[in-house]
Novice: 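Please find one structure pasted underneath; my questions will follow.
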Amino acid sequence: MRVLVLVKYTPDLVSDRAFAADGTVDRAAVDGNLSELDEYAVEQALQIAEKGSDVEVTYLTMGPAEATGALRKALSMGGDKGIHVLDDSLHGSDYLSTSLVLAEAIKKAGFDLVITGMASTDGNGGVISAMLAERLGVSQVTLAGEILSVDDSSVTIRRDGDLASMTITGALPAVVSVTDQTGEARYPSFRGIMAAKNKPVETWSLADLGVDAELVGLAGAGTSVESADRRPPRTAGEIVTDDGDGGIKAADFLVSNKLV
Amino acid sequence: MAEVLVLVDHIDGSVRKPTFELLTLANRIGEPSAVFLGAGYSEDARKTLADHGAEKVYVVDSADVTDYLVAPSAEALAAVVAQSSPAAVLLVSSQDGKEIAARLAVKTNSGLITDATDVEASDKGPVATASAFAASWKVSSVATSGTPIITVKPNSADVTEVAGAGTEVRVDVSFSDLAKSAKVSDVRPRAASGRPDLGEASIVVSGGRGLGGAENFAVVEALADALGGAVGASRAAVDAGWYPHPFQVGQTGKTVSPQVYIAVGISGAIQHRAGMQTSKNIIAINKDNEAPIFELADLGIVGDLFKVVPQLTEEIIKRKS
């Protein structure tokens, strides 16, 4: 079985993240790493590989040169190889063009199962997996809180919705996304980190994928950022130490501000 | 004026409040039409949509929409888009809403904007405002290709009642085999807590690591009940198994923006702040005076939550009676 895991290199969550003047995420200003939510996808893929026989795990990323960091981190956790879609014209791609490029790369790589995280930690959209299922014309089996079973013909998950929990079964090939409820990801071992250095990583350009550069990047995006501004920081309010009347002070605050 | 489609968020035909917020926003940018997919459509549903401004109510009455995940809804909505050529499509930023929007965007080659908290008309079409980077930035975008498709978070607009014609338009859709490729079974509705929905509540009381155990969430629940609010939990509390995941507030849970947010025993890690820092008023109760949550709080109380919270609960009950 060919399992393809999508990984994204995202700015460190605790860094001072910002937008550049062109409305894109400023990736140069801060350190990045494998998106924390993608680690759950890596973990689930590795568990499938451990349980099955003849399972090949490939990681796919799209992003600037430093995005290989996401591939190397994932490869240090396990898996077989990496693919990096790297092309200057990708800068500024939105959901529409990102999903287009990823779908072409997935087709070129070949797959039975695509696994993604529930969202990226920078854009936070959570829409790419559904877009890929639509573009690839395969089953969408998304937002798994648990992967219940996978075999050569189908995948079954538990999806925890806002109003109900449900079981979803889809025929392979399929796109599966997993939430942070699927279980903590493993830490890379020292051996894993050393082994990752020798695992193959291919670099593909847009030309390799046969995608027209006009369809991607800022020029090809279906959306345009009109403005991006830092929100003024919340002004700190009153901090009091409880002297036995802390609860009453809180009630006073709610009542005097007409909040109850 | 061009139509603006609003996908109706409903449970078995009972229309949920975020739908009315979307109709209110749709009214700003065009002529609102509601799109009702799935079983449970009734005259009551039509009327309540009309009372909130829907000029037309498109109805695709098919069990396929609930028997299969997301894809049939996207096909049905695409069929309505093809027939109405709307100026925009608005959906609720729920799990299903975002995924339906995602597939619709691909089908119609349209610009997609997610998690908007405001939508305004402009000469470039609807401008959607959203938060980014744990709500530390505000980003306004427009769609430049196809039909603008915008998902909007609950609580983003005050609902206005305005009469629309509510003309019912039945739409027949035959679904592709692909749309029926992910089968839904064993649906278990979440047990009703009797409390307002976390995403829609005007008051939210959340508990964190400081509670020390699942049984102590009773303290948080008692305060929420006294205030008529919803209960939330930090990721630390959810990961520890003290409270169920659907109640998690934060980057990987719900993003809430209530009138009042009360953080009980929550330190305020970035993961949590991402989900609550656009709340209008924040009260934090924590024994550590250096907890980052105090940087956001309009009122911070440094003290033992097991003393402060029950006293607050008692005081609220006393003042309400």
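All values derive from a computational prediction rather than experimental measurement.
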Novice: What is the minimum heavy-atom distance between Val127(A) and Lys98(B), and which atoms define it?
Specialist: CG1-O, 3.6 Å
Novice: Tell me, side chain or backbone of Val225(A) under 4.5 Å from chain B's heavy atoms, or both, or neither?
Specialist: both
Novice: I need the minimum non-hydrogen distance between Asp180(A) and His245(B), along with the two atoms involved.
Specialist: OD1-NE2, 3.6 Å
Novice: What pair of heavy atoms forms the shortest contact from Val141(A) to Ala182(B), and how long is it?
Specialist: CG2-CB, 4.4 Å
Novice: Who among Ala130(A), Ala250(A), Ser224(A), Gly125(A) has the most heavy-atom pairs with chain B under 4.5 Å?
Specialist: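 The option with the most such pairs is Ser224(A).
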Novice: How far apart are the closest heavy atoms of Gly247(A) and Leu312(B), and which atoms are they?
Specialist: O-CD1, 3.5 Å
Novice: Name the region of Arg158(A), side chain, backbone, both or neither, that has any atom closer than 4.5 Å to a heavy atom of chain B.
Specialist: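 The answer is neither part of Arg158(A).
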Novice: Any side-chain heavy atom of Glu36(A) within less than 4.5 Å of one from Thr252(B)?
Specialist: no
Novice: With a 4.5 angstrom heavy-atom cut-off, is it the side chain or the backbone of Thr142(A) that approaches chain B, or both, or neither?
Specialist: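 Contact with chain B involves both backbone and side-chain atoms of Thr142(A).
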Novice: Which region of Gln181(A), side chain (C-beta onward) or backbone (N, CA, C, O), has a non-hydrogen atom less than 4.5 Å from a non-hydrogen atom of chain B, or is it both or neither?
Specialist: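 It is the side chain, since no backbone atom gets that close.
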Novice: Quick one: what part of Thr121(A) sits under 4.5 Å from any heavy atom of chain B, side chain, backbone, both or neither?
Specialist: both
Novice: Quick one: are Pro233(A) and Glu295(B) in side-chain contact, heavy atoms under 4.5 Å?
Specialist: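 No, every pair of side-chain atoms sits at 4.5 Å or beyond.
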Novice: Indicate the ring-plane relationship of Phe19(A) and Phe133(B), choosing parallel, tilted or perpendicular according to the 30° and 60° boundaries.
Specialist: parallel
Novice: Flag the pair Leu163(A) / Arg16(B) as yes when at least one side-chain heavy-atom distance between them is below 4.5 Å, and no otherwise.
Specialist: yes
Novice: Is any side-chain heavy atom of Leu96(A) closer than 4.5 Å to one of Leu112(B)?
Specialist: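 The answer is no, as the side chains (C-beta and beyond) never meet within the 4.5 Å cut-off.
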Novice: Which one, Pro11(A), Gly137(A), Gly123(A), leads in non-hydrogen pairs under 4.5 Å with chain B?
Specialist: Gly137(A)
Novice: Return yes when atom CG of Asn257(A) has more than 12 non-hydrogen atoms of other residues, nucleotides or ligands closer than 6.0 Å, and no otherwise.
Specialist: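 It does: Asn257(A) CG has more than 12 such atoms within range.
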Novice: If we only count heavy atoms from C-beta on, is the Arg319(B) to Leu254(A) side-chain gap below 4.5 Å?
Specialist: no
Novice: Short question: side chain of Arg234(A), backbone of Gln277(B) - any donor-acceptor pair under 3.5 Å?
Specialist: yes
Novice: Under a 4.5 Å cut-off applied to non-hydrogen side-chain atoms, are Ile203(B) and Val260(A) in contact?
Specialist: yes
Novice: Under a 4.5 Å cutoff for heavy-atom pairs, which residue among Gly126(A), Ala133(A), Ala119(A), Ala171(A) has the most contacts with chain B?
Specialist: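 Most heavy-atom pairs under 4.5 Å with chain B: Ala133(A).
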Novice: Please name the pair of heavy atoms, one in Gln140(A) and one in Ser181(B), separated by the smallest distance, quoted to 0.1 Å.
Specialist: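 The pair with the smallest heavy-atom distance is N-OG, 4.5 Å.
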Novice: For Gln311(B) and Gly244(A), which heavy atoms make the closest approach, and how far apart are they?
Specialist: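 The answer is NE2-O, 2.9 Å.
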Novice: Would you mind telling me which of Gly303(B), Gly300(B), Ala274(B) has the largest number of heavy-atom pairs within less than 4.5 Å of chain A?
Specialist: Gly300(B)
Novice: Sort Met118(A) into side chain, backbone, both or neither according to what part of it lies under 4.5 angstrom from a heavy atom of chain B.
Specialist: side chain
Novice: So what's closer than 4.5 Å to chain B heavy atoms on Val255(A): side chain, backbone, both or neither?
Specialist: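 Only the side chain of Val255(A) comes within 4.5 Å of chain B.
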Novice: Counting only non-hydrogen atoms closer than 4.5 Å, does Ile128(A) touch chain B with its backbone (N, CA, C, O), its side chain (CB onward), both, or neither?
Specialist: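 For Ile128(A), there is no contact with chain B at all, as no heavy atom is under 4.5 Å.
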